[in-house]
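Worksheet: one structure, shown below.
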Amino acid sequence: MLHFATYNLFNLGSVKSRQEQDRYDLLVQVIRDMDPDVLAVQEIIGRTPEAAATVLRRLADDTGLNCQALRPHDDSAPTLALASSTHDFHTAVLWRPGIEPVRGGWRGYDGGVDFWHSMATVVLDVGGPEPVKFASYHGDPFRGDFRFNEARRVHSAFRSGILGAIGSDSNSISADRRPDGTYYDDDPYTEQDHEWLEYQVLWREDPDDPPVADRRAGEVLRRGGLLDAAAVLDAPWQPSAGHWTDENGNPDIWGERRIDHTRVTRRLSPALRSHRIVRTEQSLGASDHCPVVTGLDLRTPAQVSPAEEQ
């Protein structure tokens with residue numbers, strides 16, 4: 001069983017205080033306890049890519065994971081599997097020793113053009129019948145229209161019938177459905193009324209109309225064959241965010257919701273075996289997001305062929 005995890009690390013930059021060190025130690029403990037084979041992370045903080053790289057290297061060292069991808073040419077030096085953002089919030093993919101990156105399988109979609117944050121993608125030989133493409137994506141936190149278009153770009157990286165998995169802080173509610181046709185995620189915003197609400201709901205001509213979650217980005221991915229693992233497995237619903245209180249003791253204004261997702265390509269979906277959101281004392285204290293862990297059986301997945309997928 002291969003375990004793929006995704007984790008928003010909540011502003012993880014260089015450690016400058018005892019409090020920051022304690023939280024960093026908790027993050028490392030949570031990751032070590034999860035023991036992921038592949039890990040997508042968001043919110044590696046750095047004013048420059050070089051500063052973010054320093055943070056990522058330390059995290060890799062302390063968790064026992066690798067993050068060195070291979071460039072296309074044999075004589076090229078390895079590169080970090082880190083995608084940069086002009087807004088200081090970077091994404092990355094890490095993997096356990098024994099898993100090998102495929103030469104030329106790395107690409108970083110940096111922020112500023114395609115994304116508000118970024119997306120990191122890397123192809124890994126995980127011991128299955130063929131390599132798998134993994135990604136870490138962080139959605140636009142403010143603009144639903146941009147998330148909608150970012151989703152198209154995410155999908156563009158996972159076409160052609162490949163085996164692929166994406167871990168993300170999507171900053172939006174999934175559009176995937178349960179086997180009975182209902183949304184896997186109930187709308188968390190129906191009863192909310194605050195100034196930040198417009199970041200997450202569809203535009204209403206009449207502001208007195210009830211707010212409706214903007215699921216358009218998730219619908220683009222679903223229609224494109226990038227399936228929400230929790231919905232495919234009809235796993236028990238759990239929130240991935242909403243537990244955090246800020247430095248002034250104020251609770252999360254959004255309440256409990258699930259905005260951290262694992263998505264797999266349709267070809268990989270038969271390999272799905274398990275899905276859980278890690279809600280432990282340690283994870284609840286380490287970040288404002290809880291990590292998501294998805295189990296994949298790559299030994300003999302009844303894969304959908306590329307022809308069938310299209």
Residues pairing under ring-ring contact (aromatic ring centres under 6.0 Å, His included) where one sits in residues 99-119, two or more places apart or in two chains, turn out to be H87-W116, F89-H117, F115-Y137, W116-F142, H117-H138

Q: Could you tell me whether R58 and D61 make a salt bridge, using a distance below 4.0 angstrom between a side-chain N and a carboxylate O?
A: no

So CZ of R257 and CD of Q192: to nearest 0.5 Å the spacing works out to 8.0 Å

Checklist entry - Do the charged groups of E130 and R267 touch, with an N to O distance under 4.0 Å? => result yes

Sorted by chain and number, sequence neighbours left out, side chain to side chain contact (heavy atoms under 4.5 Å, CB included) with L233 holds for L272, H275

Can you check whether I162's main-chain N or O pairs, donor with acceptor, with T265's side chain at less than 3.5 Å? yes

Measure the shortest side-chain to side-chain distance between L202 and R215 over non-hydrogen atoms and say whether it is less than 4.5 angstrom. no

For R178, the side-chain hydrogen bond (donor to acceptor under 3.5 Å, both in side chains) test, sequence neighbours excluded, returns D234

Closest non-hydrogen atoms of A286 and V30, given as atom of the first, atom of the second and distance, are CB-CG2, 4.3 Å

| message | Test your reading of the model: is there a side-chain donor-acceptor pair from T121 to the backbone of R107, 3.5 Å cut-off? | response | yes

Output for pair (R263 CZ, S170 OG), nearest 0.5 Å, gives 6.5 Å

Testing the 3.5 Å rule here: is there a donor-acceptor pair between the side chains of T54 and R57?
no

Would you say the ring centers of W254 and H194 fall short of 6.0 Å from each other? yes

To the nearest 0.5 Å, atom CD1 of I166 lies from atom OG1 of T262 at 10.0 Å

Item checked: Salt-bridge present (R143, D145; N to O < 4.0 Å) -> no

query = Any Lys/Arg nitrogen of E219 or R222 sitting under 4.0 Å from an Asp/Glu carboxylate oxygen of the other?
reply = yes

